Colleague: 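Got a structure here, written out as structure tokens. Questions coming.
All of these numbers come straight from a predicted model, not from anything done at the bench.
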Amino acid sequence: MLLGMKKWLIALAGVLLTFTLAGCGSKTVASTNGGKITESQYYSSMKGTSSGKQVLQQMILNKVLEKDYGSKVSKKAVTTQYNTYKSQYGSSFSTVLSQNGLTTSTFKEQIRSNLLLKEAVKDKAKISNADLKKQWKSYEPKVTVQHILVAKSATADTVLKALKKDSSESNFTKLAKKYSTDSTTKSAGGKLSAFDNTNTTYSSKFLKAAFALKNGEYTTSAVKTSNGYEIIRMIKNPGKGKMSDHTADLKKQIWDNDMSDSTVLHNVVAKVLKSGNVKIKDNDLKNILSSYLSSSSSSSSSSN
């Protein structure tokens with residue numbers, strides 16, 4: 001799926017939303033020369049499918065999440081995240097939405113579902129001091145670097161010799177414009193947007209080398225990656241400092257990790273649904289939430 005969401009964050013799109021019509025009965029959904037299809041017939045058919053059950057599960061969860069956390073998720077927050085994806089995909093955005101069976105409206109519903117679930121994670125998935133210490137080991141503050149990417153080690157050596165004489169930002173900028181093969185950054189002297197340890201754009205080798213640099217330092221040996229040979233210069237590294245100064249950032253990173261951890265999400269959803277006083281009125285669907293509301297699920301969630 002577009003957002004890489006787990007089972008709970010399926011698209012609330014298309015005809016499956018007709019579940020909201022359950023109980024309406026005899027209204028005709030479609031007619032043919034062989035007869036008509038009523039809402040009750042359609043509902044009876046769809047409720048037995050896995051996709052139909054998933055939609056109902058999501059609708060139930062969203063009802064409870066909206067009651068508990070709706071006030072914490074603004075329309076502005078949804079729009080901001082939507083625009084981030086729109087910008088990321090550029091001109092292909094509408095195609096990507098279509099390929100995932102989404103429209104602007106249903107995609108925004110997904111984003112809202114995701115943000116509501118994240119509020120539940122922040123509320124229900126408690127963070128211990130041990131969790132903070134564990135995250136601290138990999139934590140790095142946001143740094144700003146400039147880089148020069150070249151295809152050959154000989155070219156890298158030429159750049160490094162020039163930097164040995166003058167490693168200033170201005171000279172590095174000149175060298176980037178002259179030698180770098182990174183067409184998107186060379187005109188800006190190879191300067192990259194600030195990044196921290198959560199970055200997934202750059203290779204682990206690149207990140208490790210960058211985070212080891214202090215202000216004004218550069219990699220005296222080229223870093224070989226799948227893209228070529230990288231020379232990195234640190235513009236601004238605030239330093240890691242003390243853990244106590246970064247509690248908010250550490251918690252944010254832990255919660256972000258939780259959003260892709262199926263065990264954590266299962267436990268959080270179980271807690272949310274258990275407190276939501278959910279009652280399934282359709283006997284055929286009475287076990288639809290059993291994996292979340294059973295005693296074993298509740299006990300496992302309480303330990304989180």
Colleague: Filter on ring pair (Phe, Tyr, Trp, His ring centres under 6.0 Å), then keep only pairs touching residues 109-135, sequence neighbours left out; what's left?
Modeller: none
Colleague: Which atom pair, heavy atoms only, marks the closest approach of L293 to A270?
Modeller: CD2-O, 4.3 Å
Colleague: Would K252 and D256 pass as an ion pair if we require N to O under 4.0 Å?
Modeller: yes
Colleague: So which heavy atom on A156 is nearest to which on A222, and how close?
Modeller: CB-CB, 3.8 Å
Colleague: Roughly how far, to the nearest 0.5 Å, is the CG atom of D131 from the CD atom of Q135?
Modeller: 9.0 Å
Colleague: Got a second to check how far S183's OG is from L149's CG, nearest 0.5 Å?
Modeller: 10.0 Å
Colleague: How close do L285 and L56 get, counting heavy atoms only, and between which atoms?
Modeller: CD1-CD2, 3.5 Å
Colleague: Ring pair (Phe, Tyr, Trp, His ring centres under 6.0 Å) with Y202: which residues, sequence neighbours excluded?
Modeller: F195, F206
Colleague: Look only at the side chain of R112 and the backbone of V73, and say whether a donor-acceptor pair between them is shorter than 3.5 Å.
Modeller: yes
Colleague: Salt bridge between K122 and E119, side-chain N to carboxylate O under 4.0 Å?
Modeller: yes
Colleague: Of all heavy-atom pairs between P141 and F211, which one has the smallest distance, and what is that distance?
Modeller: O-CE2, 4.2 Å
Colleague: With a 3.5 Å cut-off and sequence neighbours excluded, list the donor-acceptor pairs that the side chains of residues 229-236 form with protein atoms.
Modeller:
residue : atom : partner : partner atom : Å
E230    : OE1  : H147    : ND1          : 2.6
R233    : NE   : S167    : O            : 2.8
R233    : NH1  : Q146    : OE1          : 3.2

Colleague: Which heavy atom of T173 sits nearest a heavy atom of G189, and at what distance?
Modeller: CG2-CA, 3.5 Å
Colleague: Taking side chain to side chain contact (heavy atoms under 4.5 Å, CB included) as the test, write out the residues that go with A162, two or more places apart.
Modeller: L175
Colleague: With sequence neighbours left out, write down each residue that passes ring pair (Phe, Tyr, Trp, His ring centres under 6.0 Å) with Y139, or none if nothing qualifies.
Modeller: W136, H246
Colleague: State the OH-NZ distance between Y42 and K47, to the nearest 0.5 angstrom.
Modeller: 14.0 Å
Colleague: Test of understanding: with salt bridge (charged side-chain N to carboxylate O under 4.0 Å, His left out), list the residues that count as partners of K286, not counting sequence neighbours.
Modeller: none
